[in-house]
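As structure tokens, the structure follows; a few thoughts come after it.
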Protein chains: 2
Amino acid sequence: MDTTQLLKGVLDLAVLAVLDGEDGYGYDVVRRLRAAGLEEVGDASVYGTLRRLYAAGHLTSYVVPSAEGPHRKYYGLNVSGRAQLEMATKTWHGFADTMAALLTDPEVAA
Amino acid sequence: MDTTQLLKGVLDLAVLAVLDGEDGYGYDVVRRLRAAGLEEVGDASVYGTLRRLYAAGHLTSYVVPSAEGPHRKYYGLNVSGRAQLEMATKTWHGFADTMAALLTDPEVAA
DNA sequence: GCCGCTACTGCGTTCTGCGCAGTACTGTGC
DNA sequence: GCACAGTACTGCGCAGAACGCAGTAGCGGC
């Protein structure tokens with residue numbers, strides 16, 4: 001089954017959640033997301049999301065050289081990012097609850 | 001808050017859920033979805049989804065004249081539609097569970 | 001006759017995830 | 001010393017889906 005469309009709008013939240021508590025670089029975030037169950041997420045999507053969140057002012061960024069390959073561009077949540085994470089989490093829960101209600105009891109809408 | 005992106009891929013499921021048990025026409029499906037909590041859903045999105053699901057062979061369709069306005073194009077689930085509903089429901093639950101785990105315990109991915 | 005509600009269609013826009021190609025650095029095996 | 005695999009990021013164009021808006025059309029009330 002294709003979860004591509006389900007990810008829309010949620011990848012932001014997933015990336016913010018993964019970066020909460022511990023900074024990470026793109027390649028690493030991809031691995032963390034896949035390990036968490038989002039196995040079909042494309043790397044380009046994650047890099048794009050990181051850049052978008054950074055452009056929106058939710059992330060800080062700093063480059064760290066690596067001994068095992070090219071430099072790594074680390075990202076971390078700032079105040080705005082943490083606020084965004086909290087807000088998006090609430091929105092998600094509200095949305096998920098609505099969907100759960102709709103699926104278990106469609107008569108609410110009849 | 002903008003739930004537009006969250007709806008992606010889920011509107012199919014929501015529409016199928018609403019039509020499960022009782023047939024409905026577009027304008028009515030919009031009202032039912034809004035009543036269920038998806039208040040920001042656009043009418044064009046619902047009509048588009050109905051057409052898409054119909055084109056995919058998941059819905060039956062029949063026109064009923066109305067005394068209070070133009071004719072109504074009713075849609076109902078067929079066998080394929082019910083199968084689709086079941087499958088999409090499972091996919092959704094799996095996805096929602098993954099997200100819930102990620103949000104409550106990001107360390108699963110650390 | 002016009003307005004407002006019901007009901008559906010079609011078109012163009014926007015957002016965002018994806019695939020793929022390209023760049024570049026490191027370590028391994030031949 | 002060179003091809004190759006793994007790591008790490010960028011850029012480009014595409015596709016799917018929700019949306020806004022305009023248009024069409026039937027109905028009833030003032």
Side-chain angles (χ1 to χ4, degrees), chain A residues 1-16 23-34 38-56 58-59 61-75 84 88 91-92 95 99, chain B residues 1-16 23-34 38-56 58-59 61-75 84 88 91-92 95 99:
Chain A
M1 166 108 346
D2 185 25
T3 55
T4 291
Q5 295 303 324
L6 293 181
L7 264 185
K8 298 263 170 146
V10 180
L11 189 54
D12 283 38
L13 175 56
V15 167
L16 287 170
D23 293 3
Y25 53 98
Y27 201 78
D28 183 46
V29 171
V30 172
R31 272 194 303 236
R32 289 203 228 168
L33 289 176
R34 294 208 172 128
L38 301 174
E39 294 165 29
E40 304 172 43
V41 68
D43 59 327
S45 307
V46 175
Y47 284 115
T49 300
L50 285 169
R51 274 177 273 178
R52 194 148 34 78
L53 290 172
Y54 179 71
H58 299 315
L59 301 179
S61 173
Y62 50 99
V63 171
V64 176
S66 163
E68 313 156 28
H71 67 279
R72 294 167 173 171
K73 193 182 278 184
Y74 276 78
Y75 291 96
Q84 182 63 23
T91 301
W92 166 256
F95 185 77
M99 283 306 296
Chain B
M1 165 106 350
D2 186 26
T3 55
T4 291
Q5 296 301 325
L6 293 181
L7 265 185
K8 298 266 170 141
V10 181
L11 189 52
D12 284 37
L13 175 56
V15 167
L16 287 170
D23 293 2
Y25 54 98
Y27 201 78
D28 183 46
V29 172
V30 172
R31 272 194 303 235
R32 288 203 228 167
L33 289 176
R34 294 206 172 129
L38 301 174
E39 294 166 28
E40 302 172 43
V41 67
D43 58 330
S45 307
V46 174
Y47 284 115
T49 300
L50 285 169
R51 273 178 273 178
R52 192 148 33 78
L53 289 172
Y54 178 72
H58 299 316
L59 301 179
S61 174
Y62 50 99
V63 171
V64 176
S66 163
E68 313 155 28
H71 66 280
R72 294 167 173 170
K73 194 181 277 185
Y74 274 79
Y75 291 96
Q84 181 63 24
T91 301
W92 167 255
F95 186 77
M99 284 306 296

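Below, read A as the first sequence line, B as the second, and so on, with proteins coming before strands; counting in each chain starts at 1.
In this structure, OH of A:Tyr25 is placed 17 Å from C1' of D:dT10, rounded to the nearest angstrom. In this structure, B:Leu6 places its CG atom 16 Å from P of C:dC15, rounding to the nearest Å. Rounded to whole Å, the distance from CG on A:Asp28 to C1' on D:dC9 is 14 Å. Summarising the geometry, the separation between NE2 on A:His71 and C1' on D:dT7 is reported as 12 Å, rounded to the nearest angstrom. When the C1' atom of D:dG11 is taken as reference, atom CG of A:Leu50 falls 16 Å away, rounded to whole Å. We find that OH of A:Tyr47 is positioned 17 Å from P of D:dC12, with the value rounded to whole Å. Look at CD on A:Gln5: it is 5 Å from P on D:dA17, rounded to the nearest Å. If you take CZ of B:Arg72 and P of D:dT24, they are 23 Å apart, rounded to a whole angstrom.
Between B:Tyr54 and B:Leu59, the closest heavy-atom pair is CD1-O, 3.2 Å. For A:Val41 against A:Arg34, the heavy-atom pair with the smallest separation is O-NH2, 2.5 Å. Residues A:Val46 and A:Gly26 come closest through the heavy atom pair CG1-O, 4.2 Å. Contact detail for A:Arg31 and A:Tyr25: the closest heavy-atom pair is NH2-OH, 3.4 Å.
Of the candidate nucleotides D:dA18, C:dC8, C:dG17, C:dC8 has the atom lying nearest to any side-chain atom of B:Lys73. For B:Tyr27, the listed nucleotide lying nearest its side chain is C:dC8; candidates were D:dG11, C:dC8, D:dC9. Nearest to the side chain of A:Arg52, among C:dT16, D:dA18, C:dG10, sits C:dT16.
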Given the rule in the side chain to side chain contact (heavy atoms under 4.5 Å, CB included) test, do B:Tyr75 and B:Val29 qualify, once you have shown the distances and angles that lead to the verdict? CA-CA 10 Å; B:Tyr75 291 96; B:Val29 172; over 6 Å; no
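Side-chain contact between A:Glu40 and A:Thr4 is absent, with no heavy-atom pair separated by less than 4.5 Å.
Ion pairing of A:Arg52 with A:Asp12 is present here, as a side-chain N (NZ or NE/NH1/NH2) and a carboxylate O approach within less than 4.0 Å.
Within the 4.0 Å cut-off from OP1 or OP2 of C:dA7, at least one side-chain nitrogen or oxygen of B:Arg31 is found. Listed pair A:Arg51 / D:dG11 meets the phosphate criterion, a side-chain N or O lying under 4.0 Å from OP1 or OP2. OP1 or OP2 of D:dC19 has at least one side-chain nitrogen or oxygen of B:Ser45 nearer than 4.0 Å.
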For nucleotides 27-30 of chain D, list the nitrogen or oxygen atoms of the protein found under 3.5 Å from its nitrogen or oxygen atoms, one pair per line.
from, atom 1, to, atom 2, distance (Å)
D:dC27, O3', B:Ala67, O, 3.2

Check: protein-nucleotides 21-23 of chain D nitrogen or oxygen pairs below 3.5 Å:
none

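A search for salt bridge (charged side-chain N to carboxylate O under 4.0 Å, His left out) contacts involving A:Arg51 returns nothing, not counting sequence neighbours. Qualifying side chain to side chain donor-acceptor pair (under 3.5 Å) partners for A:Ser45, counting only residues two or more places apart in sequence or in other chains: none.
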Only distances under 3.5 Å count here; give the side-chain donor-acceptor pairs of residues 61-69 of chain B to other protein atoms, sequence neighbours excluded, each with its distance to 0.1 Å.
from, atom 1, to, atom 2, distance (Å)
B:Tyr62, OH, B:Asp23, OD2, 2.5
B:Ser66, OG, B:Glu68, N, 3.0

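Counting non-hydrogen atoms of other residues, nucleotides and ligands closer than 6.0 Å to OH of B:Tyr74 gives a total above 12. By the neighbour-count criterion of 12 heavy atoms within 6.0 Å, atom OH of A:Tyr47 is densely surrounded, having more than that number from other residues, nucleotides or ligands.
Near-neighbour residues of DNA chain C inside residues 7-16 of chain B, defined by a heavy atom below 4.0 Å, number-ordered: B:Lys8.
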